[in-house]
Every structure is written in C-alpha cells, then in structure tokens.
Amino acid sequence: MWWGTFGLIAIEGTIFAIAIGAYLYLRSQADSWPLGAPPPDLLWGSANTLILLASIWPNQKAKRAAEARDLVRTRGWLLVCLLFALAFLVLRGFEFVALHTRWDHNAYGSVVWTLLGLHTVHLLTDTYDTAVLDVLLFTGPMEGQRFVDVSENALYWYFVVFSWLPIYAVIYGVPRLH
C-alpha cells in the first residue's frame with residue numbers, strides 16, 4: 001500500500017511541477033502579469049493555507065491512532081480531518097471567485113484555474129476517501145486493513161498540504177513581484 005501511495009504522489013507531484021512550469025513560462029513571455037486582471041485576493045487563499053497547515057495536526061493524530069489500532073481515537077481524529085477538509089473545500093469556492101479572472105479569459109486565467117483545479121481535484125478525492133473511511137470505521141466490521149488505510153490516507157493528505165505551498169506561492173506571490 002505504501003508503494004502505491006508513494007507512486008501516486010510521485011506522478012501527481014510531477015503533474016503539479018509541469019503545471020507550475022507552464023505558469024512560469026507564460027509569465028516569462030508576458031510584458032505584464034497577471035494579464036488583464038489584478039492579482040488574486042489574498043484572503044481566501046491565505047485562509048485556506050492556514051487551514052491546511054492546521055490540518056496536519058489531526059491527521060498526524062489519526063495516523064498515530066490507526067497505527068496503535070485504537071479504534072475510538074482513530075474514528076474521532078479522522079472525523080476531525082474530514083471537517084478540516086470540508087472547511088477547506090467551502091473556502092476554495094470563495095477562492096475561485098477571488099481570482100479576478102475566468103479560466104477562458106486568457107492564458108493567465110487558464111493556467112491559474114488549472115493549478116487551482118488540479119489541487120481541488122486532489123482535495124475532493126482525499127475528502128471523499130476520508131469520508132468513506134469514516135463511514136467504514138463507524139459502521140462496518142473492523143478489519144486491520146482499515147487502520148492501514150487511515151495511515152496511508154494521512155500520508156496522501158500530507159502531499160495535498162505540502163503540494164499546496166508552492167502552488168500558493170505561484171498563484172498569490174508571483175503576480176505581486178515586479
């Protein structure tokens with residue numbers, strides 16, 4: 001299971017690197033940046049960054065509880081993880097609005113929406129996975145594999161968190177450089 005998670009992270013990390021490379025290439029070709037729009041508002045992206053960084057703590061607690069095979073604590077901490085993910089997704093909706101550009105407006109809009117969209121897909125899939133694991137922990141017969149699943153889910157969440165940091169720097173920092 002670990003190798004599968006690591007392989008997925010390697011592939012997805014490469015996709016993020018390529019998308020960031022495309023962003024930086026487009027920026028290098030433009031006389032002004034962002035094209036035809038003010039830089040995105042910092043509020044929602046920064047709030048989401050804080051939520052993601054704070055989510056590391058309950059994720060680590062869930063991972064440790066799962067590795068200790070403590071069902072009660074694993075259930076509780078995984079539920080907290082789910083709440084963090086849902087809060088992030090709600091704010092992500094506001095974040096898209098605060099970009100000040102549409103995906104079809106120009107190259108800048110397309111690449112910013114692509115970066116944010118790719119990360120959102122990862123958030124959605126991990127949120128769904130966390131929700132399914134929560135349901136299984138509360139309703140299904142408890143198998144040892146579920147604890148491994150929770151531990152691997154935490155590893156993937158760390159990837160989601162730490163992949164966001166360079167994306168945040170590109171989307172919110174680069175347009176403010178002069």
Side-chain angles (χ1 to χ4, degrees), residues 1-24 40 42-96 112-138 142-174:
M1 185 72 151
W2 184 88
W3 282 107
T5 302
F6 180 76
L8 179 65
I9 287 171
I11 292 167
E12 298 300 324
T14 302
I15 292 170
F16 282 135
I18 290 168
I20 288 171
Y23 179 101
L24 295 174
L42 288 171
L43 174 65
W44 301 114
S46 298
N48 264 340
T49 301
L50 293 175
I51 288 172
L52 273 182
L53 291 173
S55 75
I56 292 170
W57 180 67
N59 248 298
Q60 184 61 24
K61 291 289 198 177
K63 184 176 183 342
R64 285 188 180 161
E67 289 168 353
R69 296 186 178 259
D70 183 335
L71 181 59
V72 173
R73 287 185 335 147
T74 303
R75 284 175 176 164
W77 284 115
L78 198 61
L79 193 56
V80 172
C81 293
L82 180 61
L83 294 174
F84 268 93
L86 292 172
F88 188 94
L89 286 169
V90 168
L91 292 186
R92 178 54 57 90
F94 293 107
E95 194 174 355
F96 273 107
V112 167
W113 275 71
T114 297
L115 278 167
L116 214 56
L118 283 170
H119 193 258
T120 303
V121 167
H122 286 82
L123 284 161
L124 286 167
T125 58
D126 198 71
T127 302
Y128 176 77
D129 188 40
T130 302
V132 168
L133 284 171
D134 262 328
V135 168
L136 291 173
L137 289 176
F138 279 98
M142 195 55 217
E143 301 168 0
Q145 181 60 35
R146 294 294 160 245
F147 290 117
V148 173
D149 293 342
V150 171
S151 182
E152 295 304 312
N153 179 270
L155 287 177
Y156 188 75
W157 185 257
Y158 298 148
F159 166 72
V160 170
V161 171
F162 292 118
S163 66
W164 170 243
L165 299 177
I167 295 169
Y168 174 85
V170 166
I171 290 175
Y172 294 96
V174 170

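Quick note: residue numbers are just sequence positions, from 1.
- Each of V160, V161, I167 was compared with W164 under the side chain to side chain contact (heavy atoms under 4.5 Å, CB included) criterion, and only I167 meets it.
- Ring-plane geometry between W57 and W77 is classed as perpendicular, the angle between the planes exceeding 60 degrees on a 0 to 90 degree scale with a lower cut at 30.
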Verdict with reasoning, L91 to F88, per side-chain contact (heavy atoms from CB on, under 4.5 Å): CA-CA 5 Å; L91 292 186; F88 188 94; 5.9 Å; no
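- Between Y156 and H122, the angle of the ring planes stays under 30°, which puts this pair in the parallel group of the 30/60° scheme.
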Check against side-chain contact (heavy atoms from CB on, under 4.5 Å), E12 and F159: CA-CA 9 Å; E12 298 300 324; F159 166 72; 3.7 Å; yes
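- Ring planes of F16 and H119: tilted class, angle from 30 to 60°.
- Under a 4.0 Å N-O distance rule, the pair E95/R92 qualifies as a salt bridge.
- Within a 6.0 Å radius of CZ in F94, other residues, nucleotides and ligands contribute 12 heavy atoms or fewer.
- Contact record, A10 with T14: O-OG1, 2.8 Å, taken as the closest heavy-atom pair.
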Working for side-chain contact (heavy atoms from CB on, under 4.5 Å), residues Y128 and L124: CA-CA 6 Å; Y128 176 77; L124 286 167; over 6 Å; no
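- Side-chain N/O atoms of Y172 and T49 include no donor and acceptor closer than 3.5 Å.
- Residues N48 and I51 have side chains in contact (heavy-atom distance under 4.5 Å, counting atoms from C-beta outward).
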Residues V80, K61; criterion side-chain contact (heavy atoms from CB on, under 4.5 Å); working and verdict: CA-CA 10 Å; V80 172; K61 291 289 198 177; over 6 Å; no
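- Taking both residues in full, the closest heavy atoms of V150 and A62 are given as CG1-O, 3.8 Å, listed atom of the first, atom of the second, then distance.
- Shortest non-hydrogen contact noted between P166 and S163 is CD-O, 3.3 Å.
- With a 4.5 Å cut-off on side-chain heavy atoms, L52 and W157 count as touching.
- Taking the six-membered ring for Trp, F96 and W44 have ring centres at least 6.0 Å apart.
- Annotation: the span from T130 atom OG1 to L86 atom CG amounts to 9.0 Å, rounded to 0.5 Å.
- Here the closest non-hydrogen pair linking A65 and R73 is CA-NH2, 3.5 Å.
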